[in-house]
Amino acid sequence: RRRGTCQGQPVVGWFPMAKRVTNLYRYLEISRLANSRYLNALASVHDLSQARIALHQACRRTRSHGRSVRALNPLATQDFRLFQAVMRGEHALMGFRNRHVRTRLYGDPKDPGQKRRLSARVSRLLKILHTHRLVAKIPRSRRWRVTRRGHALMSATLNLSKDYFPNALAA
């Protein structure tokens, strides 16, 4: 990302950077941001106090723009597989798209109509996670990122199922 100004206003955008010595400061900044995101994700794995609060709130129905949104059931197979797809380590740096979650959950169908229906289904699932504040949209992109609250809840759920219920949620 390069920063600049346009008519006196700061502009932040994604631009390709040349591999030159003059861009070392920016590579340092990007590396620090990536490492801090990764360390924050790892730190939430063992802190169960935030996970307990997030789990208590996520297991209740909530409202978004006057409409009711279903509660999450972290031990249900559908929600568990969604958590697995969203929490993959490859999404820690740049976030994830609908396509990444769709292929992880349902595979890659050849029929364009089926692909569109599955994409709409994943959009509804991401909206549920967004309403419960477990994921957030990255501005001006089609990518999503997992929030701190989401890391706490989903990583605790994945760890508990691995440690205490290994056969119940085999996916």
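We're numbering straight along the sequence, starting at 1.
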Q: Do the side chains of Asn73 and Cys59 get nearer than 4.5 Å, heavy atoms only?
A: no
Q: Tell me which one of Leu134, Asp79, Leu82, Leu72 satisfies side chain to side chain contact (heavy atoms under 4.5 Å, CB included) with Met154.
A: Leu134
Q: Hey, does the side chain of His132 reach the backbone of Leu129 with a donor-acceptor pair shorter than 3.5 angstrom?
A: no
Q: Which heavy atom of Ser155 sits nearest a heavy atom of Ala152, and at what distance?
A: OG-O, 3.5 Å
Q: Can you list every pair that meets side chain to side chain donor-acceptor pair (under 3.5 Å) and has a residue in residues 107-117, with sequence neighbours left out?
A: Gln114-Arg117
Q: With a 4.5 Å limit on heavy-atom distance, are the side chains of Ile30 and Arg26 in contact?
A: yes
Q: Ring centres under 6.0 Å, that's the criterion: do His91 and Trp144 meet it?
A: no
Q: May I ask you to test the Asn98-Ser123 pair for a side-chain heavy-atom distance under 4.5 Å?
A: yes
Q: With heavy-atom distances below 4.5 Å as the criterion, would you say the side chains of Phe83 and Pro74 are in contact?
A: yes
Q: Walk me through it: do Arg32 and Glu29 pass the test salt bridge (charged side-chain N to carboxylate O under 4.0 Å, His left out)?
A: CA-CA 5 Å; Arg32 281 189 180 157; Glu29 185 178 351; over 6 Å; no
Q: Mind checking side-chain hydrogen bond (donor to acceptor under 3.5 Å, both in side chains) for Arg88 and listing every partner two or more places apart, or none if nothing turns up?
A: Glu90
Q: I'd like to check His100 versus Arg143 (side-chain heavy atoms, cut-off strictly below 4.5 Å). Are they in contact?
A: yes
Q: Would you check if Val135 and Phe96 make a side-chain contact, meaning some heavy-atom pair closer than 4.5 Å?
A: yes
Q: Kindly state each residue pair satisfying salt bridge (Lys or Arg N to Asp or Glu O under 4.0 Å) with at least one member in residues 120-139, sequence neighbours excluded.
A: none
Q: Say you draw a straight line from CG of Leu28 to CG of Asn23; how long is it, rounded to the nearest 0.5 Å?
A: 12.0 Å
Q: Indicate the atoms forming the closest heavy-atom contact of Gly95 with Ile138, along with that distance.
A: CA-CD1, 4.4 Å
Q: So how far is it from Leu125 CG to Arg102 CZ, rounded to the nearest 0.5 Å?
A: 13.0 Å
Q: If you measure from CZ on Arg97 to OG on Ser141, what distance do you get to the nearest 0.5 Å?
A: 7.5 Å
Q: What residues, two or more places apart in sequence or in another chain, satisfy side-chain contact (heavy atoms from CB on, under 4.5 Å) together with Ser68?
A: Arg61, Arg63
Q: Of all residues at least two apart in sequence or in a different chain, which pass the side-chain contact (heavy atoms from CB on, under 4.5 Å) check with Ala136?
A: Arg145, Thr147
Q: Among residues at least two apart in sequence or on other chains, which ones pass side-chain hydrogen bond (donor to acceptor under 3.5 Å, both in side chains) with Ser64?
A: none
